[in-house]
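Working notes for the structure below.
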There are 2 protein chains.
Amino acid sequence: MLSLHQLTCFLAAYEHGSFTAAADELGYAQPSVSEQIRALEKSLGAQLFRRAGRGVVPTTVADTLRPYAERVLASVDAARSAVAGVTSFESGTIRFGMFGIARLYAGAGLIADVLDRYPGVRVELVGQNSTEVAEDLRRGRLEAAMLAVPTIESEGLAVTPVAREELVYISADPAHLAAPVTAHRLSLASLVMPETSYRTEDSTRQTLRRMLHGAGRNPSTRIEVEDLETAVELVGLGYADSVIPRGAAEQLLPRLAPSAGFVSLRPRQFDTFAIVHRAGAVLSPAARLMIELATRRIREIALPLEGSAHLS
Amino acid sequence: MLSLHQLTCFLAAYEHGSFTAAADELGYAQPSVSEQIRALEKSLGAQLFRRAGRGVVPTTVADTLRPYAERVLASVDAARSAVAGVTSFESGTIRFGMFGIARLYAGAGLIADVLDRYPGVRVELVGQNSTEVAEDLRRGRLEAAMLAVPTIESEGLAVTPVAREELVYISADPAHLAAPVTAHRLSLASLVMPETSYRTEDSTRQTLRRMLHGAGRNPSTRIEVEDLETAVELVGLGYADSVIPRGAAEQLLPRLAPSAGFVSLRPRQFDTFAIVHRAGAVLSPAARLMIELATRRIREIALPLEGSAHLS
DNA sequence: CGAAAGCATAGGTCTTTCCTAGGGCGGCGG
DNA sequence: CCGCCGCCCTAGGAAAGACCTATGCTTTCG
């Protein structure tokens with residue numbers, strides 16, 4: 001079997017014209033180099049050196065092999081340094097999950113943060129379809145993600161909350177915004193709800209469900225849409241009201257629904273942003289970087305956690 | 001230490017997305033592949049696969065590594081097939097020693113023989129300076145050569161005679177060619193002698209020295225030149241006579257010395273052509289090829305050996 | 001919820017690698 | 001011309017690595 005070690009020994013011997021000198025250079029004893037060369041000759045089926053009593057002389061086969069051997073070792077070096085480049089963020093791709101409102105809040109800024117620090121990297125922010133991303137996380141195709149979760153516990157996944165965000169009621173009807181919206185009023189409203197968060201267990205909905213359940217009601221969702229923007233537009237057109245994170249409301253309402261406004265719920269309700277990854281996994285440097293940057297971004301915008309704000 | 005084996009296992013695992021499938025393809029047990037991957041990850045300092053309970057998932061580092069790993073293995077294959085090309089004479093260089101009159105007799109034809117059979121090869125026929133070639137042979141820089149030798153024995157070299165050739169006396173003076181030249185007449189002649197053969201122990205000269213010694217004389221060389229052609233031209237111009245192999249005379253006289261002719265010595269004298277290589281060496285296929293072709297060429301032109309003609 | 005699939009670990013065998021010690025041969029200086 | 005030195009080889013043993021079987025753990029699927 002041909003090996004890199006054999007090629008290294010071969011090149012050293014070729015350049016020095018001597019097994020002893022090659023062994024010195026490589027830090028081996030002379031018989032070791034001799035043995036490696038013999039193994040290489042056997043595996044190639046050709047003699048590489050003529051043993052001339054004193055010293056060795058490369059054959060024409062050795063002349064032929066040399067540039068190829070050099071190329072092999074060079075491409076090994078290239079492989080090694082490519083990997084080194086990835087692990088030190090000089091190059092390569094960093095993949096991170098961030099979907100729903102989290103992406104809306106910090107997506108572009110997060111990518112800017114990464115590129116400012118490591119101009120050579122490619123960044124993939126995965127988050128088109130929330131159920132797909134959740135599946136990617138669970139199956140290990142995605143290492144970590146930032147998202148809004150309903151509960152802290154999840155099967156096999158480690159969930160680390162980093163911030164929270166108030167949920168507000170949005171409407172194009174000023175009468176609906178006159179006072180904070182109670183569970184009772186919420187249960188009477190006609191709502192359009194987007195599917196923006198973790199799994200079908202959308203955290204906003206789950207929060208609302210809990211709120212209504214306390215009031216003995218069930219949520220009455222009139223319209224279901226895929227994304228937050230569509231929901232906001234529908235609110236702006238007056239077809240329904242909705243409940244979305246405050247940051248999203250501040251950002252989207254002026255653009256998509258200028259006629260609409262927002263008001264708090266009563267009692268106030270909050271979404272939780274969290275970092276999620278497989279429980280028990282050792283995170284890569286890239287994932288740790290993304291987690292750090294995403295956490296910083298989110299904390300700038302969203303509210304601190306209840307109780308002590310624990311910085312990672 | 002990074003190894004080719006690890007890269008092979010890595011690629012198989014990457015392509016199958018499974019260590020078990022990779023092991024099946026490579027004919028190993030699953031833990032072996034697992035171990036190789038672990039060693040590779042350790043040597044690169046980066047995780048290549050996320051273990052996802054069932055199956056493994058390549059990381060972005062693995063995505064980066066893959067094309068480099070493929071290039072490494074491809075260049076190893078290239079090295080192997082380059083060597084295979086050399087040993088099967090599809091490509092590469094064949095170096096062979098052939099100097100003095102031997103080259104004059106069979107040089108171009110021999111190269112033609114090789115190129116007809118193996119169009120891809122480069123042929124080097126080494127033989128500019130006889131002492132240099134002898135040194136190359138002795139030091140192992142040259143594997144084998146065809147040349148004219150004085151004796152069958154030589155220090156450390158195996159000498160295999162393959163043919164012999166008569167030595168003739170050439171002159172521009174018809175009177176000198178009237179009858180076969182005896183030792184007595186030779187000792188009186190004014191000669192130009194080229195340095196064409198093995199070492200300073202030129203076989204033609206040594207033969208003549210023996211012949212003259214039998215007659216109690218010493219050879220009287222008037223002019224020393226490097227090559228046979230110059231000597232023949234000088235003979236053509238009438239400055240001196242010479243003794244050269246018959247084949248050389250037949251070939252060179254019409255071209256270089258039209259006015260000159262040749263006559264046998266009395267008793268007849270012969271040069272011996274022989275294959276020379278280091279004693280005890282195993283000859284490469286290339287050397288064996290050259291020896292076979294050169295022997296055939298020489299035998300077509302020169303005389304068979306005394307006694308039984310032993311065909312190799 | 002049990003069966004199947006897939007990776008990790010453990011422990012043992014076999015091969016490879018590497019060393020030290022000593023022999024042979026060629027080159028070089030006295 | 002002869003002895004010394006340098007360099008390669010061989011031999012044999014120790015250490016490391018490769019590979020296997022058996023087994024346990026986790027995930028997936030029926």
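As the structure is a computational prediction, the values presented were derived from the model and not from experiment.
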Report task. Please determine if a side-chain N or O atom of A:Thr20 lies less than 4.0 Å away from the OP1 or OP2 oxygen of D:dG6. Result -> no

Report summary line: From NE2 of B:His16 across to P of C:dG6 the rounded distance in Å is 12 Å

**Report entry** B:Ala84 backbone acceptor or donor facing B:Ser81 side chain under 3.5 Å
**Finding:** no

**Report entry** Among D:dC19, C:dA8, D:dC9, the one nearest A:Arg51 by side-chain distance
**Finding:** D:dC9

Query raised in the report: Salt bridge between B:Asp63 and A:Arg95, side-chain N to carboxylate O under 4.0 Å?
Result: yes

Query raised in the report: Does B:His5 have a side-chain nitrogen or oxygen under 4.0 Å from the phosphate oxygens OP1 or OP2 of D:dC19?
Result: yes

Report task. Examine C:dA8: is either OP1 or OP2 under 4.0 Å from a nitrogen or oxygen in the side chain of B:Ser34? Give yes or no. Result -> yes

Report task. To the nearest Å, give me how far apart OH (A:Tyr28) and P (D:dA16) are. Result -> 14 Å

Report task. Identify whether any heavy atom of A:Gln30 sits under 4.0 Å from a base atom; if not, whether one sits that close to sugar-phosphate; answer base, sugar-phosphate or nothing. Result -> base

Requested in this report: Write down the distance between CZ (B:Arg50) and P (D:dT27), rounded to a whole number of angstrom.
Outcome: 15 Å

**Report entry** Separation of C:dC18 P from B:Met1 CE (nearest whole Å)
**Finding:** 10 Å

Query raised in the report: Could A:Glu41 and A:Arg51 be called an ion pair, given the rule that one side-chain N must be under 4.0 Å from one carboxylate O?
Result: yes

Query raised in the report: Rounded to the nearest Å, what distance is computed from the CD atom of residue A:Glu35 to the P atom of nucleotide D:dC8?
Result: 15 Å

Query - Out of C:dA8, D:dT21, D:dC8, whichever nucleotide has its closest atom nearest the side chain of B:Phe19 - result: C:dA8

Requested in this report: Send over the distance from B:Gln47 CD to C:dC7 C1', rounded to a whole Å.
Outcome: 13 Å

Report task. Consider the side chain of A:Val56, meaning its heavy atoms from C-beta on, and name the nucleotide among C:dC18, C:dG6, D:dC8 that approaches it most closely. Result -> D:dC8

Query raised in the report: Within less than 4.0 Å of OP1 or OP2 of C:dA5, is there a side-chain N or O belonging to B:Ser18?
Result: no

**Report entry** Which nucleotide in D:dC7, D:dC9, D:dC19 has an atom nearest any side-chain atom of B:Ser32
**Finding:** D:dC19

Query raised in the report: A:Arg38 side chain: which of C:dC18, C:dA8, D:dT10 is closest?
Result: D:dT10

Query raised in the report: For A:Ile37 and C:dT16, what is the distance between atoms CD1 and C1' respectively, to the nearest whole Å?
Result: 16 Å

Query raised in the report: Hey, does B:Gly27 reach any base, or is it just sugar-phosphate, or nothing, if we go heavy atoms under 4.0 Å?
Result: sugar-phosphate

Query raised in the report: Given the side-chain rings of A:His5 and A:Tyr28, with only the six-membered ring counted for Trp, is the space between their centroids under 6.0 Å?
Result: yes

Query raised in the report: Short question: side chain of B:Glu292, backbone of B:Leu289 - any donor-acceptor pair under 3.5 Å?
Result: no

Query raised in the report: Which residue lies toward the 5' end of DNA chain D, A:Arg278 or B:Pro31, if each is placed at its nearest nucleotide?
Result: B:Pro31

Query raised in the report: In whole angstroms, how far is the P atom of D:dG17 from the CG atom of B:Leu4?
Result: 17 Å

